[in-house]
Amino acid sequence: MSENRAVFRNEIGCIYQDDKQGCFVLEYNGYKTILSVPCFFCIKKAVDKIDVKAMIADPDPASDIAIISPHSCDRCFVLTIAELLSLKELFAGAKVMLELNSILQERIYSSMVI
């Protein structure tokens, strides 16, 4: 079993980075899903594209549910508005942490080279 490092965590789950397997692990509502790097960004893009304001404003009860089924993932996500907002926060936080890690690595490496 490879060791996973938590990238970002909130109240509904956590995204781990698995360096040995070169993937991410989404722990969400008690389930773990292995995400390839393209799948991670595909889900993030799908979550970001959903217009939450339109969902809230629509009086149709069916609009309270969002279904995300990324093409490169074997999992389908059926989300309420609250779950969607939490998942958006989880992916956004993970992306920021990944970018921050890259910036820090770049700064540390550039200071060692000079």
Side-chain angles (χ1 to χ4, degrees):
M1 180 87 185
S2 59
E3 188 173 317
N4 298 328
R5 295 181 298 144
V7 176
F8 187 78
R9 176 183 303 275
N10 68 6
E11 71 276 357
I12 66 155
C14 184
I15 293 179
Y16 299 94
Q17 182 175 358
D18 186 331
D19 292 332
K20 280 190 173 179
Q21 302 295 320
C23 63
F24 294 99
V25 178
L26 169 65
E27 184 181 277
Y28 171 72
N29 276 347
Y31 295 99
K32 287 187 176 179
T33 304
I34 306 293
L35 305 173
S36 65
V37 174
C39 184
F40 172 85
F41 287 105
C42 181
I43 292 175
K44 183 184 181 327
K45 186 176 176 181
V47 167
D48 288 344
K49 282 176 55 176
I50 296 173
D51 186 357
V52 177
K53 288 181 184 175
M55 289 176 68
I56 293 171
D58 191 340
D60 185 0
S63 68
D64 294 345
I65 300 291
I67 299 172
I68 301 171
S69 181
H71 60 83
S72 56
C73 182
D74 60 349
R75 184 162 175 200
C76 178
F77 297 89
V78 180
L79 306 166
T80 64
I81 293 172
E83 291 170 332
L84 176 63
L85 291 172
S86 294
L87 198 61
K88 274 187 178 215
E89 177 191 326
L90 186 61
F91 275 92
K95 186 169 184 276
V96 167
M97 290 297 119
L98 292 170
E99 289 173 351
L100 180 62
N101 188 32
S102 296
I103 292 168
L104 291 173
Q105 292 291 329
E106 182 181 298
R107 298 289 175 169
I108 290 170
Y109 180 72
S110 67
S111 68
M112 295 174 92
V113 172
I114 296 175

* Asked: Heavy-atom count around K95 NZ within 6.0 Å, excluding the residue itself: above 12?
  -> no

* To do: Flag yes if V78 and Y31 sit in one hydrophobic cluster, no otherwise; membership is Ile, Leu, Val, Met, Phe, Trp, Tyr, and two members link when side-chain heavy atoms are under 4.5 Å apart.
  => no

* Under the 3.5 angstrom rule, does the side chain of S63 hit a backbone N or O of D58 as a donor-acceptor pair? -> yes

* Atom CG of D60 and atom CD1 of I65: how far apart are they, to the nearest 0.5 Å? -> 11.0 Å

* Asked: Which heavy atom of S36 sits nearest a heavy atom of C23, and at what distance?
  -> CA-CB, 4.4 Å

* Look at the side-chain heavy atoms of Ile, Leu, Val, Met, Phe, Trp and Tyr, link any pair under 4.5 Å apart, and say whether V25 and I68 land in one connected group. => no

* Check the hydrophobic clustering (I, L, V, M, F, W, Y; side-chain heavy atoms under 4.5 Å; chains of links allowed) and say if V96 and L87 are grouped together. => yes

* **From I108 atom CD1 to I103 atom CD1, the distance as rounded to the nearest 0.5 Å** => 12.0 Å

* Asked: Taking atom CD1 of I50 and atom CG of L85, what is their separation to the nearest 0.5 Å?
  -> 10.0 Å

* Which pair of non-hydrogen atoms, one from P70 and one from R75, has the smallest distance, and what is that distance? -> CD-O, 3.7 Å

* To the nearest 0.5 Å, what is the distance between OG (S102) and CE (M97)? -> 12.0 Å

* Taking atom CD1 of I15 and atom NZ of K44, what is their separation to the nearest 0.5 Å? -> 9.5 Å

* Can you tell if the side chain of L84 reaches within under 4.5 Å of the side chain of V47, non-hydrogen atoms only? -> yes

* To do: Give the minimum heavy-atom separation between V37 and G22, together with the two atoms involved.
  => CG2-O, 3.9 Å

* **Side-chain touch Y28/L79, heavy atoms, less than 4.5 angstrom** => yes

* Asked: Looking at side-chain heavy atoms only, is the closest gap between D18 and I34 below 4.5 Å?
  -> no

* To do: Specify whether F91 and F40 have parallel, tilted or perpendicular ring planes, treating 30° as the upper limit for parallel and 60° as the lower limit for perpendicular.
  => tilted

* Going through the distances and angles, do N29 and E83 end up as a side-chain contact (heavy atoms from CB on, under 4.5 Å)? -> CA-CA 10 Å; N29 276 347; E83 291 170 332; 3.7 Å; yes

* Asked: Distance-only, no hydrogens or angles: does the N10 side chain make a donor-acceptor pair with backbone N or O of G13 under 3.5 Å?
  -> yes

* Answer whether the closest heavy-atom distance between the side chains of F77 and I43 falls below 4.5 Å. => yes

* What about I81 and L90, same hydrophobic cluster or not, with Ile/Leu/Val/Met/Phe/Trp/Tyr joined at side-chain heavy-atom distances under 4.5 Å? -> yes

* Asked: Taking all atoms of both residues into account, what is the closest heavy-atom pair of F8 and E89, and its distance?
  -> CE2-O, 3.6 Å

* Atom CD in Q17, atom CG in L35: separation rounded to 0.5 Å? -> 12.0 Å

